[in-house]
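These values consider heavy atoms only, across backbone and side chains, with no hydrogens, waters or symmetry-generated copies. Below, read A as the first sequence line, B as the second, and so on, with proteins coming before strands; counting in each chain starts at 1.
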Amino acid sequence: TERGQDMDDEEVNVWEDNWDDETHESEFSKQLKEELAKNGHKVQ
Amino acid sequence: IENCGPLYQEFSMADKVTYNYYLGRKAMFDADLPLAEKSLNYAFRNCPRDCMSNKRRVLIYLIPVKMFLGHMPTHRLLHDYKLDEFEEVVEAVKDGNLGRLDRALEQHEKFFIKSGIFLMLEKLRSITFRTLFKKVCSLLGGSIFLLEVFLCALSFAQVNDVDVCELECIMANLIAEKKIKGYISHQHGKLVISKKQEAFPALSSISAAI
């Protein structure tokens, strides 16, 4: 029989949709911020 | 097979999984991502858990399709199915780090080409651009940005072959795909993003709307 949409917890949680609004700052983000500031762009 | 009506229900699950696997692969190459996602997802979910190597085979195609639609595979999934080649690619796309993405694709080029997904993975550059632009906008704040700022960010991300014309082209495509809500003022060399609504909507919300 076919498996229902929410039957298998293990397989439902293997995809992440909200990766975009993670609040933690990556090393890349921090360096990007410094780079923009260094080039005279006003960083918040 | 799609025209066989009620007869389809008589097929064994193994056949349905196989059919959906090939249907999904074909849809991916035809750039019909919603159909690719639906078919490959079906194949993945209905393939028994003890058939790890078959499930892994499905994932090789399902992962790039899902990523393009804004659903990122978790570290655990990649690890469980020994698909560590994707790890760097996923991190780079999530971070908007184009240089890292290019290096990750180059590093595992053979595996990706052999699997037939290299070109699909290259398409992930466009959503990586989006994430980088989103970061720039949130770092600077406001809703009007000089295009120069993005060029500065691109060169920081080790993208050295994009000039202002190409930048406008990349942005125009993202706007057309509704991945950025805003417009480019070519005359003033600026990007103006929406103040009223989320200017960079979650990718998964866009794909859900298709």
Side-chain angles (χ1 to χ4, degrees), chain A, chain B residues 9 13 16 41-42 44-47 49 55 59 62-63 66-67 69-78 80-81 90-97 99-100 127 130-132 134-136 138-142 145-146 148-153 155-157 198 200-205 207-208:
Chain A
T1 54
E2 283 178 32
R3 295 200 193 167
Q5 275 291 313
D6 48 13
M7 211 179 120
D8 213 310
D9 266 1
E10 191 207 355
E11 288 183 12
V12 169
N13 297 327
V14 297
W15 307 107
E16 208 185 332
D17 287 354
N18 299 323
W19 51 276
D20 217 5
D21 36 51
E22 276 171 17
T23 42
H24 87 274
E25 276 200 7
S26 67
E27 197 50 40
F28 176 70
S29 298
K30 282 182 207 154
Q31 288 173 4
L32 175 65
K33 193 172 171 178
E34 284 167 23
E35 182 70 15
L36 291 175
K38 209 169 76 188
N39 283 278
H41 303 296
K42 218 172 163 188
V43 187
Q44 271 194 338
Chain B
Q9 299 311 322
M13 184 46 86
K16 286 190 206 170
N41 216 10
Y42 180 95
F44 181 64
R45 295 173 66 88
N46 291 291
C47 184
R49 204 173 296 181
K55 284 181 90 88
L59 277 178
L62 183 57
I63 288 171
K66 279 270 193 189
M67 282 179 77
L69 297 173
H71 315 285
M72 299 295 159
T74 56
H75 172 74
R76 215 185 97 196
L77 179 76
L78 298 178
D80 286 353
Y81 287 91
V90 174
E91 289 308 313
V93 171
K94 277 159 77 169
D95 212 10
N97 190 337
R100 190 175 175 189
I127 61 172
R130 165 212 169 266
T131 306
L132 180 66
K134 181 181 175 176
K135 278 195 174 165
V136 172
S138 92
L139 283 171
L140 299 176
F145 307 92
L146 280 170
E148 271 166 42
V149 183
F150 301 100
L151 288 176
C152 171
S155 88
F156 170 68
E198 174 61 85
F200 295 87
L203 290 172
S204 51
S205 70
S207 56

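Side-chain N or O atoms of B:Asp95 include none that pairs as donor or acceptor with a backbone N or O of B:Glu91 at under 3.5 Å. Without hydrogens or angle criteria, A:Trp19 side chain to B:Gly70 main chain gives a donor-acceptor distance under 3.5 Å.
Considering only residues two or more places apart in sequence or on other chains, A:Lys33 meets the side chain to side chain donor-acceptor pair (under 3.5 Å) condition with none of them.
When heavy atoms are compared at a cutoff of 4.5 Å, A:Asn39 approaches chain B solely by way of its side chain, counted from C-beta outward. Contacts between B:Leu78 and chain A at a heavy-atom distance below 4.5 Å are absent for every atom of the residue. Looking at B:Ser138, only its backbone comes within 4.5 Å of chain A, counting heavy atoms on both sides. For a residue to count as touching a neighbouring chain, one of its non-hydrogen atoms must lie under 4.5 Å from one of that chain's; by this rule B:Leu59 touches chain A with the side chain only.
We find the CD-CG distance between A:Glu16 and B:Leu77 to be 11.0 Å, quoted to the nearest 0.5 Å. Separating the CG atom in B:Leu140 from the NZ atom in B:Lys135 is a distance of 13.5 Å, to the nearest 0.5 Å.
Ranking B:Leu139, B:Thr74, B:Leu146 against chain A, the residue ahead of the rest is B:Leu139, based on heavy-atom pairs under 4.5 Å.
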